[in-house]
Amino acid sequence: MTKGKVFLVGAGPGDPKLITVKGMECIQQADVIAYDRLVNKELLTYAKQGAELIFCGKLPGRHALIQEQINRLLVEKAEQGLIVTRLKGGDPCVFGRGGEEAEELAKKNIAFEIIPGITAGIAAPAYAGIPVTHRDHASSFAIVTAHGREQKGEDHINWQALAQGIDTIAFYMGVGNLNHICDQLIRHGKKPSTPAAIIEWGTTAQQRTITGELSTIEQKAKEHQITNPAIVLVGDVVQLREKINWFDNHSYEMLNEHSLIK
Ligand code: SAH
């Protein structure tokens, strides 16, 4: 039997229309779609009739399917000759384990493609009116996971390099860890008055944004009960939101009224 193929696809950050054309084709043509928790479920309505939809969701700290099971599933389905779309929130290679799954497929000689997606650390700020770079404010940008590993003594982040060398920093999975993030950045040289924002459920109708400074943002996040998924963004670019904030629930509805993809 001819082997199938696996497409590792970025579904985009939330707004279903932020998937790529190629990503949408992969959804439409798949025999099997294995999707993660943060994928907008609306995208699944474009699957062909009879396609098998498998939830591989990862609730923080809990895994519906553990990674090895997911790897095995992708390999098995492809070996049955099926087209498999592995759908992940944002970009598959940004804290999405796309690399690990690709390694496994390569090892097993399964054909695969990686279809990039729009990552939350760029898209959520953009919808909040914050460009991650700007000629006058930021010429470097870093994407960092702040997943609480320091509690196990596993903080591998080079805080000094981040605090002193990078203008804009997007922290993924950072909400539970805000105290540590702000504390380390200040300790390593970022001014306590550095602007900071948190964007929760970015690019969706539920998007919420709070802004403050490194020294105040944790308190504000508590007051507003901000939870994951959220991007913690640190840097002077946050100030631009005052001028170019454009998105609210109303504009979300407007955007989707004139929809190519309903
Ligand atoms: N591959 C994804 C990231 C997966 S890690 C990407 O490229 O975007 C999951 C983390 O991504 C969440 O904890 C949160 O920090 C961030 N995230 C994902 N979707 C988000 C959204 N709509 N708004 C804000 N943050 C989001």
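Nothing here was measured: the structure is a model prediction, and the numbers come from that model. Order of listing sets the numbers, starting from 1, for every ligand and every atom in it.
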Around [atom], find the nearest protein heavy atom and jot down its residue, atom name and distance.
atom	answer
atom 7 (O) of ligand 1	Thr119 OG1, 2.6 Å
atom 13 (O) of ligand 1	Met173 CG, 3.2 Å
atom 11 (O) of ligand 1	Tyr172 CD2, 3.4 Å
atom 2 (C) of ligand 1	Gly89 O, 3.2 Å
atom 9 (C) of ligand 1	Leu38 CD1, 3.9 Å

Using a heavy-atom cut-off of under 4.0 Å, does the side chain or the backbone of [X] touch ligand 1, or both, or neither?
X	value
Val94	both
Pro13	backbone
Asn228	side chain
Ala120	both

Check your understanding: Of all heavy-atom pairs between Ile231 and Ala124, which one has the smallest distance, and what is that distance?
Key -> CG1-CB, 4.3 Å
Contact (N/O only, under 3.5 Å) between [X] and ligand 1:
X	answer
Glu200	no
Ala230	yes
Gly202	yes
Ile199	no

So do the side chains of [X] and [Y] get within less than 4.5 Å of each other, counting heavy atoms only?
X	Y	result
Trp159	Ile186	no
Ile110	Leu74	no
Ile143	Phe95	yes
Glu52	Leu82	no

Could you tell me whether ligand 1 has any atom less than 4.0 Å away from a heavy atom of [X]?
X	result
Gly14	no
Thr203	no
Ile231	yes

Review point. Is it true that the side chains of Gln67 and Glu101 contain a donor and an acceptor less than 3.5 Å apart?
Key: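 On atom types as modelled, these side chains qualify, holding a pair under 3.5 Å.
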Exercise for review: Report yes or no: do Trp246 and Ile118 belong to one cluster of Ile/Leu/Val/Met/Phe/Trp/Tyr joined by side chain heavy-atom distances under 4.5 Å?
Suggested key: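 Yes; Ile118 is reachable from Trp246 via cluster members.
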Practice item. Dump the intermediate steps for salt bridge (charged side-chain N to carboxylate O under 4.0 Å, His left out) on Lys222 and Glu218, then the final yes or no. Key: CA-CA 6 Å; Lys222 279 202 183 117; Glu218 189 198 359; 3.3 Å; yes
Practice item. Compute the ring centroids of Phe55 and Tyr35, then answer whether they are less than 6.0 Å apart. Key: yes
Point to revise | Sidechain N-carboxylate O distance under 4.0 Å for Glu104, Lys108 | key: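 Here Glu104 pairs with Lys108 in a salt bridge, since their nearest N and O are under 4.0 Å apart.
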